[in-house]
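Just below is one structure, and these are the notes that go with it.
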Number of protein chains: 2
Amino acid sequence: MKSTTTKGSNAYAAACPTRVVLDRIADKWAVLILGLLQEEPIRFNRLRKQIEGISQKMLSQTLKKLERDGLVGRKAIPTVPVTVEYSITPLGRTLSAMLDGLRVWAETHIEKVLIAQKRYDSGSRGSR
Amino acid sequence: MKSTTTKGSNAYAAACPTRVVLDRIADKWAVLILGLLQEEPIRFNRLRKQIEGISQKMLSQTLKKLERDGLVGRKAIPTVPVTVEYSITPLGRTLSAMLDGLRVWAETHIEKVLIAQKRYDSGSRGSR
DNA sequence: CAGAATCCAGCTCGATACTG
DNA sequence: CAGTATCGAGCTGGATTCTG
């Protein structure tokens with residue numbers, strides 16, 4: 001934890017809002033989940049199948065965090081085997097809108113990144 | 001690795017561009033570094049002091065990744081104790097511009113998030 | 001169906017020491 | 001100054017099992 005005493009020369013203090021939000025969105029599962037819920041409410045197991053590679057544990061954990069942050073809503077429908085529907089909240093939607101920008105950036109610039117990587121890797125011979 | 005066989009019903013395959021970019025920006029240090037370099041080129045130890053809580057190791061690692069992705073440039077100036085200046089590339093700048101949106105979102109909505117958290121925490125009594 | 005609990009392999013990351 | 005190398009604690013996250 002530390003003190004977070006105003007050291008003065010820190011551009012990014014540990015407690016700034018950016019850090020808090022970053023701790024949330026610096027979680028690829030959270031970003032992917034928000035992206036899906038943006039379109040429509042989805043049930044737990046459905047989400048699980050939609051997101052390749054996520055485990056039940058991570059999905060559960062991530063949803064809980066997102067719910068805690070007020071970014072997604074949880075609605076338990078008392079059917080026989082209980083059904084739970086997750087949806088994005090208005091707040092979550094504003095964030096997801098920002099993230100859309102990121103998704104667009106990804107698709108637009110991914111190629112340049114991959115090229116840069118290739119060049120970097122071939123340049124530093126001998127490493128590894 | 002796994003197969004990544006086109007399963008068909010996966011909205012987010014493991015290999016899509018979003019995932020790749022996410023693996024990069026889902027790294028709070030990377031985001032913070034880009035934010036700083038956006039303003040001006042900075043030397044290694046200077047960066048270290050500017051970003052509260054980052055270790056020398058993480059800084060070094062993260063810079064290397066960012067350089068590999070073509071998002072930041074590295075220029076070694078052959079002074080006596082060598083000086084290395086990191087700067088953001090045009091490509092990095094376009095990404096950082098997106099991230100600015102995120103930073104703005106953070107400052108704008110952080111309060112709502114914190115309120116939601118407080119409500120959530122007080123609601124789930126007994127947990128723990 | 002939706003999740004909680006447990007176990008544990010593996011990666012992350014900080015601390016420390018050393019180099020060019 | 002700008003790193004690299006190594007070690008170890010701790011967290012992450014997958015697999016599995018169990019419950020309402």
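Here is the naming used below: chain letters follow the sequence lines, and residue numbers restart at 1 for every chain. Computed from a predicted structure; not experimentally measured.
Using modelled atom types, one side-chain atom of T62(B) and one backbone atom of M58(B) make a donor-acceptor pair closer than 3.5 Å. Between the side chain of R93(B) and the backbone N or O of Q38(B), at least one donor-acceptor pair lies under 3.5 Å. Between the side chain of S122(A) and the main chain of K118(A), a donor-acceptor pair closer than 3.5 Å is present.
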If a protein heavy atom is under 4.0 Å from the base, mark B; if only from the sugar-phosphate, S; if neither, -; do that for nucleotides 3-15 of chain C going 5' to 3'.
BBB-B-----BBB

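Look at CG on L59(B): it is 10 Å from C1' on dG3(D), rounded to the nearest Å. Summarising the geometry, the separation between CD on E52(A) and C1' on dG13(D) is reported as 17 Å, rounded to the nearest angstrom. Straight-line distance from the CG atom of D27(A) to the P atom of dT12(D): 10 Å, rounded to whole Å. Per the geometry, CG belonging to N45(B) stands 5 Å off P belonging to dC1(D), to the nearest Å. Whole-Å rounding puts the I51(A) CD1 to dG13(D) P distance at 14 Å.
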Given the rule in the side chain to side chain contact (heavy atoms under 4.5 Å, CB included) test, do V72(A) and S87(A) qualify, once you have shown the distances and angles that lead to the verdict?
CA-CA 5 Å; V72(A) 315; S87(A) 57; over 6 Å; no

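The structure places OG1 of T108(B) at 11.5 Å from CG of L95(A), a figure rounded to the nearest 0.5 Å.
Counting only heavy atoms from C-beta outward, the side chains of L59(A) and W29(A) never approach each other to under 4.5 Å.
Using a 4.0 Å cut-off between a side-chain N of Lys or Arg and a carboxylate O of Asp or Glu, D100(B) and R103(B) qualify as a salt bridge.
Comparing the start and finish of the helix from dC1(C)-dG20(D) to dG20(C)-dC1(D), five pairs each, the helix axis swings through 50°, to the nearest 10 degrees.
Applying the salt bridge (Lys or Arg N to Asp or Glu O under 4.0 Å) rule to K28(B) yields the partners D23(A); only residues at least two apart in sequence or on another chain are considered.
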